[in-house]
There are 2 protein chains.
Amino acid sequence: MAAHDSGSSSGDGGSGARGTRGETGLPASIEAAWGLRERPSKGPKPGLSLDRIVEAAVGVAAAEGLSAVSMGRVAKELGVSTMSLYRYVAAKDELYILMQEAVVGLPPAPPDPGTGWREALAAWAWAQREVFHRNLWVLRIPISGPPATPNSVAWWERGLTALEETGLSDGEKISVILLVSGYVRNEALLTADLGAAIEASGGSPEELLRRYATTLKRLADPARYPAVARMLESDVMYEADEPDFEFGFGLDRVLDGIEILIRKRG
Amino acid sequence: MAAHDSGSSSGDGGSGARGTRGETGLPASIEAAWGLRERPSKGPKPGLSLDRIVEAAVGVAAAEGLSAVSMGRVAKELGVSTMSLYRYVAAKDELYILMQEAVVGLPPAPPDPGTGWREALAAWAWAQREVFHRNLWVLRIPISGPPATPNSVAWWERGLTALEETGLSDGEKISVILLVSGYVRNEALLTADLGAAIEASGGSPEELLRRYATTLKRLADPARYPAVARMLESDVMYEADEPDFEFGFGLDRVLDGIEILIRKRG
DNA sequence: CAGTAACGCGTATGCCATACGCAGAAGGAG
DNA sequence: CTCCTTCTGCGTATGGCATACGCGTTACTG
């Protein structure tokens, strides 16, 4: 149900955050994130603001997870009615995008000019990871399309800049950025899921791991699953790795692969 | 809210698919997937079956997406009442897991004995990708924990087997498997999101891409985002790559990185 | 000072998952 | 053969959700 550019003739007819205004094709609230959208200065002074709404929503998500973020809950947090939020946001998805934008923020300062691509890209990946780990709920937001908010674009910018001197083609640069940020996102998602499972089980990480292993040992016939069975016998399943180490390990593999490509091009 | 092993003393007290029975700690419906759970042979003959329910749910998901899968919808598909499903499944999440298990199926036949790790791992990745691309809705299922169903374990088995001769440690093998399957999943998720955006916009992929590029060009100040701006000027943004090519490109990078590690160990 | 546009919000609709308990079916125990 | 236990399908109810619609009100613009 895409919002038509109706321009209803009489009366109010609907919420204020509707309509795409033709300029960018983006929802009004997203345009606001880009700094467009001058204040209408016609009706009563708004008692709320997009920023306050987003801040409240982020607070709820940080405290109780994304699933606790409902329009009613956010409104309650602000001491207003549910429907008043729709004067600022056309749909919940928009709120999600703005929450993401708020929490992602600007990327860290660019590296010193002489820094090599690998170091720069690694720093970029670690910074992204840190954002995700600080706000695991962000990973639960369904991705609706390519990034179209200022901070997201800034992160892209930083990633592309890191690859400036590599001699890769434009398409390859995009692919590499996609590969690395995909890796970061996936690792963060995995730890988020694991954390949720731990919290749901109520025990310690080691306890959960042990329980999982014993369950699987009972179910999985070693004849049918020999490699898995051998893995279950080994110690690996009973000591949770340092998560930072795991991340660095995978990242090194990915960067190694990229390095081979870059050397081929250079 | 983990299901306690209550064993309520009198009467019925609740749905039939409840309780963990102490054996595995898994929900009853998942145990059924492992072939446990003999028929009770006491009450009336079940008019339904887990398989039929899962089949119906998969049908709905395939036709209208995962979001169309509700207990009521699946029940309607089967001509039964909503609540009767809860005699077979304790919660919707279980149904999700069973849907995933059904659709993932068994991995393809193992490669010929002499096959190298790289070829085997690549085939494994491509096969996984094919499953995802045939059932994009699977990617919308929230991951609740490590895989504990027969087919999922079978895929793990196949992946670990591919790394048998590599000299990697057990922990490294797990990391590598995680890395590759994460890559596959991420790529599939990206194409699923892109596809959803295209469908939502109603236009062609090229049209969407062009619209996105022009929007961003209008919003992103080239002074602040020079690399992005340059990218938007180039042709890359206006020709959608062959998706298979994109996938292969990233996979090659990942496998290259893994190859370096394996050579170091060998 | 009238008109108009934006404001906050009450109400209503139509989804959703699922708790609870009833009535009837079918096998096992006596 | 009968009764009792257990399991079946399902009607009903609860509490949540996003959001459409329109009312009364506010505050600026002509």
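Lettering of chains follows the sequences in order, A, B, ..., and the numbering in each one begins at 1.
- Counting heavy-atom neighbours within 6.0 Å of B:Glu199 CD, excluding the residue itself, gives a total of 12 or less.
- The nearest whole Å value for the distance from the NZ atom in B:Lys92 to the P atom in C:dA19 is 14 Å.
- Rounding to whole angstrom units, CZ of residue A:Arg87 and P of D:dT19 are separated by 15 Å.
- Protein atom CG of B:Leu85 is 11 Å distant from nucleotide atom P of C:dT18, rounded to whole Å.
- Spacing between atom CG of B:Asp93 and atom C1' of C:dC16 amounts to 14 Å, rounded to whole angstrom units.
- Ring geometry for A:Tyr183 against A:Phe247 counts as parallel: the plane angle stays under 30°, on a 0 to 90° scale with 60° as the upper cut.
- Of the residues in residues 46-67 of chain B, not one comes within less than 4.0 Å of DNA chain C through any heavy atom.
- Within 4.0 Å of B:Met83, counting heavy atoms only, lies at least one base atom of the nucleic acid.
- Atom CZ in B:Arg73 sits roughly 9 Å away from atom P in C:dC16 (whole-Å rounding).
- For the pairing with A:Glu130, the side chain to side chain donor-acceptor pair (under 3.5 Å) check across A:Arg134, A:Gln128, A:His133 returns one residue only, A:Arg134.
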I'd like a list of close polar pairs between nucleotides 25-30 of chain C and the protein, N/O only, cut-off under 3.5 Å.
none

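- When the shell of 6.0 Å around NZ of A:Lys217 is examined, it contains more than 12 heavy atoms from other residues, nucleotides or ligands.
- Side-chain contact between A:Leu208 and A:Leu194 is present, with at least one heavy-atom pair separated by less than 4.5 Å.
- The closest side-chain heavy-atom distance from A:Glu55 to A:Met99 is not below 4.5 Å.
- Regarding contacts with the backbone of D:dC10, a side-chain N or O of B:Ser81 is found under 4.0 angstrom from either OP1 or OP2.
- Salt bridge annotation for A:Glu206-A:Arg210: absent, with no cationic side-chain nitrogen under 4.0 angstrom from a carboxylate oxygen.
- Counting only heavy atoms from C-beta on, B:Val80 has its side chain closest to D:dC10 among D:dC10, C:dC16, C:dG8.
- Within 4.0 Å (heavy atoms only), B:Ser70 reaches sugar-phosphate atoms of the nucleic acid but no base atom.
- One atom, CE of A:Met71, and another, P of D:dC17, lie 12 Å apart when rounded to the nearest Å.
- Rounded to a whole Å, the NZ atom of B:Lys76 is 12 Å from the P atom of C:dA17.
- Residues A:Glu157 and B:Arg224 are not paired through a salt bridge, judged by the lack of any N-O separation under 4.0 Å between the basic side chain and the carboxylate.
- Contact check, A:Tyr86 against C:dC7: no side-chain N or O comes under 4.0 Å of OP1 or OP2.
- When side chains are defined from C-beta on, B:Ser144 does not count as touching B:Tyr96, because their heavy atoms never get closer than 4.5 Å.
- Atom CD in A:Glu38 sits roughly 11 Å away from atom P in C:dA6 (whole-Å rounding).
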